[in-house]
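Note that ligands are numbered from 1 as they come in the structure, with each ligand's atoms numbered from 1 the same way. Scope of the values below: all heavy atoms of this structure, side chains included, with no hydrogens, waters or symmetry mates.
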Amino acid sequence: MAAAVGRVRTIVRRHSERFERSIPLIASENLLSPYAKELLISDLHSRYAEGLPGERYYEGNEQVDEVETLCLELARRLFRCSFADVRPTSGTVANLAVLKALTEPGELVGTSRLADGAHISSAAFGAFGLRGVKPVYYAWDAERMTIDVPRTREILRAVRPKTCLFGLSLFLFPMPIDELRPTLEEIGARGWYDAAHVLGLIAGGEFQDPLREGCSVVSASTHKTLPGPQHGILLGDGLPPELAQKLQSGAFPGVTSNHHLHAMAALAVSLAEHLEFGRDYAHRTVENARALAGALHAKGFDVVAADLGFTRSHTIAVRVEREGGGEAVARRLADAGIISNKNLLPGDKSPKHPGGIRLGTPEVTRVGMGPKEMERIAGLFDDLLHRGRTTAEVAAAAAELKRGFTTVRYCFGAGEAAYRYYDLVGRDPS
Ligand SMILES: Cc1ncc(COP(=O)(O)O)c(C=O)c1O
């Protein structure tokens with residue numbers, strides 16, 4: 001069996017080395033800081049704590065209580081709000097907690113379509129279906145890649161959902177919550193914002209601020225533009241006490257038992273680091289997204305929303321039908337060391353054949369790349385997909401570019417190896 005342990009270690013090492021050589025452009029991924037990463041293998045990983053600080057169901061939680069109290073304080077400070085819960089173990093779990101708190105089975109809930117960029121949480125086969133709520137879809141303006149406000153006002157007035165969810169997985173532009181706010185008030189609907197993708201941009205002042213614009217509840221993952229551990233969070237401002245209590249009991253016992261204390265402690269570190277470095281990091285992340293989009297456009301790629309400046313977030317979308325379609329292009333890029341994902345885009349004929357790819361800049365920014373490197377990355381796309389350079393040639397050029405960018409930035413202890421965890425762990429068993 002020691003051989004199996006060694007094998008797993010070897011495979012994961014190969015994975016890490018592959019990412020060290022690659023250009024990682026998945027919009028939902030990021031790298032942990034050294035201080036946050038260390039906590040993932042601390043003793044907290046072995047422990048249980050149910051409930052809230054000071055009201056646990058297990059003994060031995062005094063230090064956990066201190067860490068969680070600090071984590072909650074940091075979250076409220078970073079997002080300038082009065083309510084936080086750091087017990088959801090992922091963004092989807094956070095969404096389920098909100099659904100449990102705000103809705104009843106059978107209710108209608110406003111949201112966007114998957115084809116317009118919504119997350120599978122909004123689908124009948126995802127969290128919405130689990131809670132038994134039915135989506136009411138907003139109208140979409142495919143030109144502007146955002147909600148069509150006048151037509152959505154009509155839909156909301158006709159259907160009158162009590163809860164309206166805003167937020168996307170293909171999130172290029174802010175949601176028009178401010179513009180829809182009077183309609184939400186008119187029909188008595190509560191605004192809920194899924195900030196999984198844009199949490200770090202919101203905290204860094206680079207995107208809309210949903211808690212100031214008309215949403216009272218925010219759910220999110222904590223590992224995308226907020227470069228924290230894989231975990232979830234709930235935020236709120238000015239909530240009536242009974243709603244805050246419902247959200248807390250949605251988190252526990254609703255959708256979690258133990259809340260992954262090692263990740264919660266790592267989140268506390270990541271929140272503290274974002275308070276210090278988040279503005280700069282968020283600014284450069286968006287700057288890089290726009291630079292990458294502009295450079296790809298200049299090389300003849302059909303980057304979505306060219307007339308609108310491509311994006312105001314960390315994400316860009318590129319239609320690649322001419323280059324062979326989303327599936328084939330994402331695969332060819334991965335073989336050449338550029339990691340992205342195929343993505344459905346509005347107007348695609350079949351969900352099975354996405355016409356686009358989604359690219360994001362959280363990780364390349366985290367390792368210190370800037371607009372100059374975005375130009376070089378666009379050049380690699382052009383070489384592979386337009387100029388007939390071989391996969392091996394482009395993979396070698398990608399690895400060469402990446403060589404100078406393998407340490408993590410925008411955190412305390414910056415400059416440590418971002419990918420090579422195994423240097424710390426030691427030899428294989430034999
Ligand atoms: C908008 C949105 N919400 C929720 C999630 C789910 O997050 P997690 O993977 O943390 O469950 C995602 C994941 O990509 C997302 O894009």
Side-chain angles (χ1 to χ4, degrees), residues 24-30 32 40 85-100 102 109-123 125-131 133 135 137-138 140 145-147 163-175 177 191-202 207-208 210 215 217-235 250-251 254-256 259-260 263-264 266-267 270 289 311 313-317 339-345 354 356-363:
L25 293 172
I26 303 273
S28 53
E29 293 181 353
N30 214 322
L32 263 188
L40 295 186
D85 193 313
V86 290
R87 292 175 299 172
T89 50
S90 79
T92 304
V93 171
N95 285 347
L96 280 165
V98 177
L99 283 165
K100 180 147 190 307
L102 296 188
V109 177
T111 189
S112 302
R113 289 177 199 279
L114 261 53
D116 297 332
H119 184 246
I120 42 172
S121 289
S122 296
F125 52 81
F128 269 40
L130 271 177
R131 183 57 173 157
V133 299
Y137 292 120
Y138 308 137
W140 188 251
M145 287 298 281
T146 191
I147 291 170
T163 304
C164 287
L165 169 60
F166 299 96
L168 300 167
S169 296
L170 181 67
F171 211 164
L172 305 185
F173 298 102
M175 304 253 92
I177 312 168
W192 158 28
Y193 193 93
D194 179 345
H197 262 265
V198 290
L199 191 68
L201 304 183
I202 291 171
F207 208 63
Q208 67 188 139
C215 287
V217 176
V218 169
S219 54
S221 318
T222 56
H223 46 266
K224 300 180 188 201
T225 52
L226 185 91
Q230 296 229 353
H231 202 69
I233 195 166
L234 299 174
L235 302 165
V255 292
T256 64
H259 55 284
H260 301 184
M264 181 275 293
L267 177 59
S270 305
T311 186
S313 75
H314 61 303
T315 301
I316 66 175
I339 315 290
S340 70
N341 62 277
K342 62 187 172 202
N343 217 97
L344 270 186
L345 294 179
I357 53 171
R358 183 185 69 166
L359 307 175
T361 52
E363 187 168 338

Would you tabulate the polar-atom pairs, meaning N/O of ligand 1 against N/O of the protein, with distances under 3.5 Å, reported to 0.1 Å?
| residue | atom | partner | partner atom | Å |
| --- | --- | --- | --- | --- |
| ligand 1 | 3 (N) | D194 | OD1 | 3.3 |
| ligand 1 | 3 (N) | D194 | OD2 | 2.6 |
| ligand 1 | 7 (O) | S221 | OG | 2.9 |
| ligand 1 | 10 (O) | G91 | N | 2.7 |
| ligand 1 | 10 (O) | S221 | OG | 2.9 |
| ligand 1 | 10 (O) | H223 | NE2 | 3.4 |
| ligand 1 | 11 (O) | S90 | OG | 3.1 |
| ligand 1 | 11 (O) | G91 | N | 3.4 |
| ligand 1 | 11 (O) | T92 | N | 2.9 |
| ligand 1 | 11 (O) | T92 | OG1 | 2.7 |
| ligand 1 | 14 (O) | K224 | NZ | 2.3 |
| ligand 1 | 16 (O) | S169 | OG | 2.6 |
| ligand 1 | 16 (O) | H197 | NE2 | 3.4 |

Checklist entry - Quick one: are V255 and P88 in side-chain contact, heavy atoms under 4.5 Å? => result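 In short, these two side chains do not touch, never coming nearer than 4.5 Å.
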
Next on the checklist: Just so I know, are the side chains of L226 and I233 near enough to count as touching, which here means a heavy-atom distance under 4.5 Å?
Outcome noted: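 Not in contact.
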
Flag, side chain of [X] to backbone of [Y], donor-acceptor distance under 3.5 Å:
X: Y138; Y: L165; value: yes
X: S313; Y: F171; value: yes
X: R358; Y: S169; value: yes

Checklist entry - Got a sec, which pairs hit side chain to side chain donor-acceptor pair (under 3.5 Å) with one end in residues 218-235, sequence neighbours left out? => result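 Residue pairs passing side chain to side chain donor-acceptor pair (under 3.5 Å), neighbours aside: N95-S219, W192-S219.
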
